[in-house]
Asker: 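Following this message is one structure expressed as structure tokens.
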Protein chains: 2
Amino acid sequence: MIRSTSQRRAIRRVFEESGRPLSPLEILEAARDEVPRIGIATVYRTVKGLLEDGWLAAVQVPGEAPRYEIAGKPHHHHFHCRSCGAVFDVQGCSPAIKSLSPRGYQTEGHDLVFFGRCPSCKRR
Amino acid sequence: MIRSTSQRRAIRRVFEESGRPLSPLEILEAARDEVPRIGIATVYRTVKGLLEDGWLAAVQVPGEAPRYEIAGKPHHHHFHCRSCGAVFDVQGCSPAIKSLSPRGYQTEGHDLVFFGRCPSCKRR
DNA sequence: ATCTCTGCAAATGTTTTGCATCAGC
DNA sequence: GCTGATGCAAAACATTTGCAGAGAT
């Protein structure tokens, strides 16, 4: 990740403008608004680089393709809408979670994902 | 899932004898001890059928291939060892988790995965 | 004997890689 | 002008599917 190219600038902008985790395909489509000839391989390569740089963090939701979001946000969790498939951020954590970590293991962290229906799918 | 075949009996036995979630490849290898010519397609087809029957439940750990375990266990969470890659069951839950679910969403459940090092990897 | 299930191989979908060319520095 | 980055296409994986034959009922 040495050079600043139009593709990399476009991908970074996509994340800055989207408030939620994105899949590689979502990134590709959004980036094409700015750089129409960008290829999927560049998206994967750039995401990998941004992960190594610590600029992006992976968001893995059970049963879904991996998504990515800007790193460095305060610790938070995610909500997966099983109706529309989108993933949203959920603020807050509880010390009670840490107390659930199993004895004898060296726990480095946790992932918590809620699932159900998001506000707009709920109404239907 | 109408007929009882040696392949299906073998796959069920593999789950009954393993106390932890298994990936399709782990299932294949263990089942081959009993039915050497079993193919990966049969594993996928059988897992799918057992999921539909409610006999198996999917266990998705961030960044890992899907794993499966016998369904109907009491609600529990998982621990993912980032050193050896194995996944273990973690007993217990806290009502504090439910209180974290976001307002405005219809929450149907949650997945909680701890990660770090398992007891045997911890020592090294 | 029927009809489901299986293994194999091909198809599909996703992510990675090789390589010639392009473009940032 | 170097050399890293890109696009394309092929390769590498994981999972699913088509089909003819095997096996359960």
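Letters A, B, ... mirror the listed sequences (proteins, then strands); counts begin at 1.
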Asker: Please report, rounded to the nearest Å, how far the C1' atom of C:dT4 is from the CE atom of B:Met1.
Answerer: 12 Å
Asker: Find which nucleotide of DNA chain C each of A:Ala41 and A:Leu25 is nearest to by heavy atoms, and output the residue with the more 5' nucleotide.
Answerer: A:Leu25
Asker: Classify A:Pro36 by what it touches in the nucleic acid, base, sugar-phosphate, or nothing, heavy-atom distance under 4.0 Å.
Answerer: nothing
Asker: Listing request: all salt bridge (charged side-chain N to carboxylate O under 4.0 Å, His left out) pairs with a residue in residues 84-110 of chain B, at least two apart in sequence or in separate chains.
Answerer: B:Lys73-B:Asp89
Asker: How long is the span from the SG atom in B:Cys81 to the CZ atom in B:Arg117, to the nearest 0.5 Å?
Answerer: 6.5 Å
Asker: Test your reading of the model: is there a side-chain donor-acceptor pair from B:Thr46 to the backbone of B:Thr42, 3.5 Å cut-off?
Answerer: yes
Asker: Which heavy atom in A:Leu100 sits nearest to a heavy atom in B:Val90, and how many Å separate them?
Answerer: O-CG1, 3.7 Å
Asker: Base, sugar-phosphate alone, or nothing: which one does A:Arg45 contact when heavy atoms must sit under 4.0 Å apart?
Answerer: base
Asker: For side chain to side chain donor-acceptor pair (under 3.5 Å), just list the numbers for B:His76 and B:Glu69, CA-CA rounded to whole Å, side-chain angles, deciding distance to a tenth of an Å, and then say yes or no.
Answerer: CA-CA 12 Å; B:His76 62 283; B:Glu69 66 181 1; 2.9 Å; yes
Asker: What do the steps show when you test A:Phe15 against A:Leu22 for side chain to side chain contact (heavy atoms under 4.5 Å, CB included), and what is the final call?
Answerer: CA-CA 8 Å; A:Phe15 280 106; A:Leu22 300 172; 4.1 Å; yes
Asker: Can A:Phe114 and A:Phe79 be said to form a ring pair (Phe, Tyr, Trp, His ring centres under 6.0 Å), step by step?
Answerer: CA-CA 5 Å; A:Phe114 295 96; A:Phe79 185 97; 7.1 Å; no
Asker: For DNA chain C, determine which residues of residues 2-12 of chain B have any heavy atom closer than 4.0 angstrom to one of its atoms, and list them numerically.
Answerer: B:Ile2, B:Arg3, B:Thr5, B:Gln7, B:Arg8
Asker: How close or far is atom C1' of C:dT12 from atom CD1 of B:Ile40, stated in whole angstroms?
Answerer: 16 Å
Asker: Would you say the side-chain atoms of B:Arg67 pair up with the backbone N or O of B:Ala58, donor to acceptor, closer than 3.5 Å?
Answerer: no
Asker: Measure the distance from CZ on A:Arg37 to P on C:dT21 and round it to the nearest whole Å.
Answerer: 15 Å
Asker: Can you tell me the distance, in whole Å, between the CG atom of A:Leu28 and the P atom of C:dT16?
Answerer: 14 Å
Asker: Send over the distance from A:Ile27 CD1 to C:dT14 C1', rounded to a whole Å.
Answerer: 14 Å
Asker: Would you kindly say whether B:His110 and B:His75 are connected by a side-chain donor-acceptor distance under 3.5 Å?
Answerer: yes
Asker: Would you grab the first and last nucleotide of DNA chain D (5' to 3') that comes under 4.0 Å of any non-hydrogen atom in chain A?
Answerer: D:dT3 to D:dC8
